Amino acid sequence: MSRAACAAATALAFDLGASSGRAVIGKLEPIDSGDDGDQANTGAGAPGPAVARRLTVEEVHRFPNDPVQVGRHLHWDILRLLHEIKQGIVKARHAGHHAIDSLAIDSWAVDFGLLDASGQLLSNPRHYRDHQTDGLMEEVGTLIGREPLFAKTGIQFLPFNTIYQLYALKKRGSVQLQQADKLLMIPDLLRYFLTGVMMSESTNASTTQLLNARTGEWDAGLLERLQLQASLLLPPVPAGTRAGALSAEVCAELGVPAIPVIAVGEHDTASAVAAVPAAEEHFAYLSCGTWSLLGTEVKEPVLSRQALDWNFTNEGGVNGTYRLLRNIMGLWLVQECKRAWDKAGLSLSFPQLVELAEQAEPFAAFIDPDDAGFMNPVHMPEQIQAYCSRTGQYLPQSPGETIRIVLESLALQYRVVLERTEQLAGGRRFNGLHMVGGGINNRLLCRFTANAIGRPVWAGPAEGSAIGNLVVQYMALGHISGMQEARTMIRASFPPDTYMPEQSGEWEQAYAVFRKITGV
Ligand SMILES: C[C@H](O)[C@H](O)[C@@H](O)C(=O)CO
């Protein structure tokens, strides 16, 4: 398709996070001649070539994604999410976007729905923080061996990976698993509800820990070892595959035309990494939200003993790349503190919490953000106190003290993971760190991160996953030629904020104490 033909290409992105979802309209439009379109200097290399178009985004719908506890188990409210997606389509049109060229969905990873042979969903998908997988990662590790499992899949050991969820179902003789004909990951499932077409998208499929990292196919040996039917899983398709259009039923219900649907980088982190506005070929990123995902893009998976020992992952990326990264507990720690305080009647907004943290004493204590106890504790502030008590440190008393300890510890953990990423990526040194995602609205965290790593942080765009989702749609529609053009266009459209490091001496000392306490 020629550039003239895409005068204003309109796409709709649904980005579902663990606590909220959003519908974002993207418009890819020509920019005035004379404007070179790439004024943003990330400090990370020479500016890219002039771009002829600019992307603008507009959030047309935002909705909560509240997990639902039923008895002892935690679920996603999948039909509510479908309803909200439909609302998003209707609202986009009410906002004046009548000609939508395509739409796509991305979400968190690892969770799935099971469908019977007639295509009916058999039960509500479980939430990855449900306790059904407690202890099973170790059991599967013994059954298969951690080394062979990592050698095959290249995926990090997280207790909630799809493989352990399936093992849990198998172990308890789940009737649903016995009846299941197909497994669809969350965005695949929602896309199927909209289109009637079943497809398995590869970036998200990689997070199951069942995909072979070298072949990009489901690992038949692993499935057999776990006695899982290979026919449950559909052959993975690359991000950017056209995946049908809204079904006749959905069009009739919503009163909309058959909008084409694309399977983008459906793992939200894959979409976020696609939106990193890097000018340099090799770069480090931090996708910052409920989770912090820090790493780099590589062309081949890194399957070394060191990568296994440091629990790095090689998740599938857009355009056949791999996301060499590590999950860090992220702003979940802050979200859960807030939830505990809200419940106790102490309602403080996120900006208020950050302000209190800014006023609190620096470096009062440190936590290992990735301590297993923080995965899903009953009361996060008490869990943080318990960690500090166990490690002989000061016990934070107030919200401000607690949040300061969390943010400083996250920033220091970013340094650990950044330096390890550099070693795993062949000993290269990154000039700075690109931060994307909603977490960059926490300016204190961006500042602390620049201080902790002793290098610049380039923050933006905050809507990383939605923007990555949009650009892959534009690539599928033929409006953007590839990732280089996409990143140049994103950089021009959403110039990042730069945070320079300061107070380096204090942070160096803090890093030494942090490492001692956390045993890094
Ligand atoms: C389960 C988590 O959602 C996943 O590991 C992480 O990569 C993610 O999707 C962050 O949004």
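Only heavy atoms go into these numbers, but all of them, side chains included; no hydrogens, no water, no symmetry mates. In this text the structure is predicted, and so the values were computed from the model without any measurement. Order of listing sets the numbers, starting from 1, for every ligand and every atom in it.
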Can you see whether Gln473 engages Ser102 through a side-chain donor-acceptor pair at a distance of less than 3.5 angstrom? yes
Does the structure place the NZ or CZ of Arg129 under 6.0 Å from the centre of the six-membered ring of Trp332, at an angle of no more than 45° from the ring's axis? yes
Could you please provide the protein residues found below 4.0 Å of ligand 1 on a heavy-atom basis, arranged by chain and number? Trp108, Ala109, Val110, Tyr128, Phe160, His267, Asp268, Thr269, Trp291, Leu293, Asn327
Between Glu280 and His434, do the side chains contain a donor N or O and an acceptor N or O under 3.5 Å apart? yes
Has Glu59 got a side-chain atom pairing as donor or acceptor with Val24's backbone, closer than 3.5 angstrom? no
Quick check with a 6.0 Å cut-off and a 45 degree axis cone: is Arg146 positioned over the face of Phe157's six-membered ring? yes
When you measure from the centre of the six-membered ring of Tyr322, is the NZ or CZ of Lys299 closer than 6.0 Å and no more than 45° off the axis? no
